[in-house]
Protein chains: 2
Amino acid sequence: MMQQRDTLSTTFAALADPTRRAILARLAAGEASVTELAAPFSISLPAITKHLKVLEGAGLIRRGRQAQWRPCTLDAQPLRDVADWVQQYRKFWDHNFDRLEEYLREMHPQEKKS
Amino acid sequence: MMQQRDTLSTTFAALADPTRRAILARLAAGEASVTELAAPFSISLPAITKHLKVLEGAGLIRRGRQAQWRPCTLDAQPLRDVADWVQQYRKFWDHNFDRLEEYLREMHPQEKKS
DNA sequence: CGTCTATTTTACCTTTAGGTTAATTAAAAA
DNA sequence: TTTTTAATTAACCTAAAGGTAAAATAGACG
């Protein structure tokens with residue numbers, strides 16, 4: 001019933017699976033092929049392919065071509081949006097939030113927050 | 001096929017819906033009843049009840065009782081876990097990450113990261 | 001060409017997510 | 001006690017998520 005999801009929903013949905021988060025963690029260490037990414041898991045290769053499509057659809061990975069391999073690389077940009085979103089709520093758990101925010105304003109005066 | 005999800009997966013799944021994120025945003029402004037939370041949306045009350053159960057299951061809200069009302073309040077603790085998780089990837093988008101991390105060490109030497 | 005390796009597509013299955021309407025519970029209030 | 005307001009439960013529907021096995025595609029290589 002939600003045919004065209006907003007970006008943040010797509011990102012969160014992609015992150016809501018431990019296999020996919022493990023794939024991202026692996027890619028943080030560098031490029032990897034589908035078979036390499038599949039190795040730690042007990043699920044089938046087509047299942048991995050599907051997970052990779054979800055991650056690609058969320059813009060969290062990019063895919064290349066080298067012969068018959070499809071090397072995957074991490075793209076953390078959507079994670080930045082997640083960080084920006086969640087940091088709105090920081091004041092609800094961190095009482096030192098105001099000091100941190102002040103620091104960020106001083107440190108990166110050019111980076112405007114929405 | 002995933003009968004008992006890990007905490008982070010449950011949290012991300014709860015956040016993967018715009019209605020639920022809007023409910024959290026509303027609760028950031030303070031306690032609200034179910035009817036109040038439902039007001040901005042065009043979906044039925046039972047649907048809201050379900051969303052609230054998902055949020056409660058993820059530990060993102062708590063529910064009280066006042067007469068026939070069930071006031072909801074925000075609990076941002078799981079969002080802290082999200083922030084901790086996503087910040088692992090900060091170096092992939094933020095080149096000033098190292099400086100920020102250093103600052104955090106100086107500012108909050110008592111707060112250890114996992 | 002035929003074959004091996006890497007990956008995807010197809011077709012299918014089962015469970016879950018998100019929604020509905022109608023009925024029910026709970027508490028206040030007339 | 002009956003009614004009104006607030007919210008949930010029950011029963012149901014449809015679509016999407018996550019998985020499978022088997023077949024198909026793509027490219028390297030003997």
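Every chain is numbered from 1 and lettered A, B, ... according to where its sequence line falls, protein lines coming before strand lines. No hydrogens, no waters, no symmetry mates; every other heavy atom, side chains included, goes into these values.
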Expressed as a whole number of angstroms, how long is the span from [X]:[atom1] to [N]:[atom2]?
X: Ile23(B); N: dG18(C); atom1: CD1; atom2: C1'; value: 13 Å
X: Phe41(B); N: dG19(C); atom1: CZ; atom2: P; value: 10 Å
X: Leu15(A); N: dG18(D); atom1: CG; atom2: P; value: 12 Å
X: His51(B); N: dT9(D); atom1: NE2; atom2: P; value: 16 Å
X: Leu52(A); N: dG18(D); atom1: CG; atom2: P; value: 13 Å
X: Ile48(B); N: dA17(C); atom1: CD1; atom2: C1'; value: 15 Å

Notebook entry, point to check: Do Leu60(A) and Leu79(A) touch side chain to side chain, with heavy atoms closer than 4.5 Å?
Noted result: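 Of all side-chain heavy-atom pairs linking Leu79(A) with Leu60(A), at least one is under 4.5 Å.
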Notebook entry, point to check: Can you find a heavy atom in the side chain of Glu56(A) that is under 4.5 Å from one in the side chain of Arg63(A)?
Noted result: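 Yes, at least one pair of side-chain atoms sits under 4.5 Å.
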Item checked: Inter-residue atom distance Asp81(B).CG - Thr10(B).OG1, 0.5 Å rounding ->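 So the CG of Asp81(B) and the OG1 of Thr10(B) are separated by 11.5 Å.
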Notebook entry, point to check: Got a second to check how far Trp85(B)'s CH2 is from Gln87(B)'s CD, nearest 0.5 Å?
Noted result: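 Reported to 0.5 Å precision, the distance equals 11.5 Å.
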Checklist line | Residues in side chain to side chain contact (heavy atoms under 4.5 Å, CB included) contact with Val54(B), at least two apart in sequence or another chain | finding: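 For Val54(B) the side chain to side chain contact (heavy atoms under 4.5 Å, CB included) partners, ignoring immediate neighbours, are Ala14(B), Arg20(B).
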Item checked: Audit row: Arg21(A), Ser9(B), side chain to side chain donor-acceptor pair (under 3.5 Å) steps and yes/no -> CA-CA 9 Å; Arg21(A) 289 199 307 279; Ser9(B) 295; 3.0 Å; yes
Do any side-chain nitrogens or oxygens of [X] fall under 4.0 Å of OP1 or OP2 in [N]?
X: Arg5(B); N: dA17(C); answer: yes
X: Arg63(A); N: dT8(C); answer: yes
X: Ser44(B); N: dT20(C); answer: yes

Notebook entry, point to check: Looking for any heavy atom pair under 4.0 Å, which part of the strands does Ile43(B) touch: base, sugar-phosphate only, or nothing?
Noted result: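 Sugar-phosphate contact only - Ile43(B) comes under 4.0 Å of backbone atoms but never of a base.
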Check: Which part of the nucleic acid does Thr19(B) contact within heavy-atom distance under 4.0 Å: base, sugar-phosphate only, or nothing?
Finding: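 Answer is nothing: Thr19(B) stays at 4.0 Å or more from every strand.
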Next item on the list: By nearest nucleotide on DNA chain D, pick out whichever of Leu45(A) and Pro46(B) is the more 5' one.
Entry: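 First, find each residue's nearest nucleotide; the 5'-ward one identifies Pro46(B).
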Note to self: Between Tyr89(B) (side chain only) and Ala25(A) (backbone N and O only), is there a donor and an acceptor less than 3.5 Å apart?
What the structure shows: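 Such a contact is found between Tyr89(B) side chain and Ala25(A) backbone.
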Item checked: Side chain of Lys50(A) - closest among dG19(D), dT9(D), dT8(C) ->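 Given the options dG19(D), dT9(D), dT8(C), the side chain of Lys50(A) is closest to dG19(D).
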Item checked: Protein-to-nucleotide contact annotation, 5' to 3' order, nucleotides 23-30 of chain D [B base; S sugar-phosphate only; - none; under 4.0 Å, heavy atom] -> ---SBS--
